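Each ligand, and each atom within it, is numbered from 1 in the order the structure gives. Everything numeric here is computed off the predicted structure, so don't read it as measured data.
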Amino acid sequence: MNKTHAKYERTLVIIKPDGIQRSLIGEVIKRYERAGLKLVGIKMVVPTQEMVEAHYTLDPEWKKKTGEKNLQAYRDKGLTPPHDDPIKQSEMILMKLKKYFASGPVVAMVWQGAHAVSVVRKITGGTEPMLSDVGTIRGDYVIDSYKLADDDVRAIRNIVHASGTITEAKLEIDYWFKKEELVDYRLLVDAMLYDTDISGILE
Ligand code: GDP
Ligand code: MG
């Protein structure tokens, strides 16, 4: 089978402990499913803090990118960030994330479909819930902000993790799932989403 077609793109989603505690597992799954994405792997895990650290440092650039994003968010709102060092800022975020993520069960999933990484990020919404678009998971179900979470010394509780790039997705899927835990299968709706020839509907 030719697996180079865009419809085979995969991404990792994790429903974080707050998503589970707020009974949003079904709601989250529904939103990716109704877009036409295909669930190809799913499991419930209680992560250790070591697993959380490993997950976030799979991408060597994550610390720099996340720290810069956080500091810029302060400046964009006319606020003075606590300091100017992105690495120091993301080290602090990581400490909080480890406590948050390892506090209870999470649901890890792999979703497949054309542009899966971008489509899942779009449906998930931006990192800071206060600014996430209405209609996204984070925009609809969360009222948190960087400042509120930072002042209270905790991670932003934003329901789901979703891989940020195709490279991140590959690393994260390999980290969370064994090959045999992912299923290659056809869905009937795939034909309507991807087939060039859709004749044969009328009897
Ligand atoms: P994501 O890809 O949108 O999840 O965002 P990042 O990869 O940049 O950050 C990972 C997670 O860390 C976020 O989803 C939040 O839960 C948390 N987080 C990120 N930045 C901050 C921050 O500046 N402050 C706090 N308190 N938490 C943060
Ligand atoms: Mg990220």
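We find that Asp144 and Arg154 are joined by a salt bridge, their nearest charged nitrogen and carboxylate oxygen being less than 4.0 Å apart. A salt bridge is defined here as a Lys NZ or Arg NE, NH1 or NH2 lying under 4.0 Å from an Asp or Glu carboxylate O, and Lys96 with Asp151 fails to meet this definition. Salt bridge Lys7/Asp190: absent, no basic N to carboxylate O contact under 4.0 Å.
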Starting from the N and O atoms of ligand 1, find every protein N or O within less than 3.5 Å and list the pair with its distance.
residue  : atom   : partner : partner atom : Å
ligand 1 : 2 (O)  : Arg121  : NH1          : 2.8
ligand 1 : 2 (O)  : Arg121  : NH2          : 3.4
ligand 1 : 3 (O)  : Arg121  : NH2          : 3.1
ligand 1 : 3 (O)  : Thr127  : OG1          : 2.5
ligand 1 : 3 (O)  : Arg138  : NH1          : 2.9
ligand 1 : 4 (O)  : Arg138  : NH2          : 3.0
ligand 1 : 5 (O)  : Lys69   : NZ           : 3.4
ligand 1 : 5 (O)  : Thr127  : OG1          : 3.3
ligand 1 : 7 (O)  : Trp62   : NE1          : 2.8
ligand 1 : 8 (O)  : Thr66   : OG1          : 3.0
ligand 1 : 8 (O)  : Lys69   : NZ           : 3.1
ligand 1 : 14 (O) : Lys16   : NZ           : 2.9
ligand 1 : 14 (O) : Asn158  : ND2          : 2.8
ligand 1 : 16 (O) : Lys16   : NZ           : 3.2
ligand 1 : 16 (O) : Ile156  : O            : 2.8
ligand 1 : 23 (O) : Asn70   : ND2          : 2.1
ligand 1 : 24 (N) : Asp150  : OD1          : 2.8
ligand 1 : 26 (N) : Asp150  : OD1          : 2.9
ligand 1 : 26 (N) : Arg154  : O            : 2.8
ligand 1 : 27 (N) : Ile156  : N            : 3.2

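For the atom pair CD of Glu128 and NZ of Lys77, the computed distance is 3.5 Å after rounding to the nearest 0.5 Å.
At least one cation-pi condition fails for Lys16 and Tyr100: the charged atom is not both under 6.0 angstrom from the six-membered ring centre and inside a 45 degree cone around its axis.
The ring-ring contact (aromatic ring centres under 6.0 Å, His included) check on Tyr141 picks up nothing, with sequence neighbours excluded.
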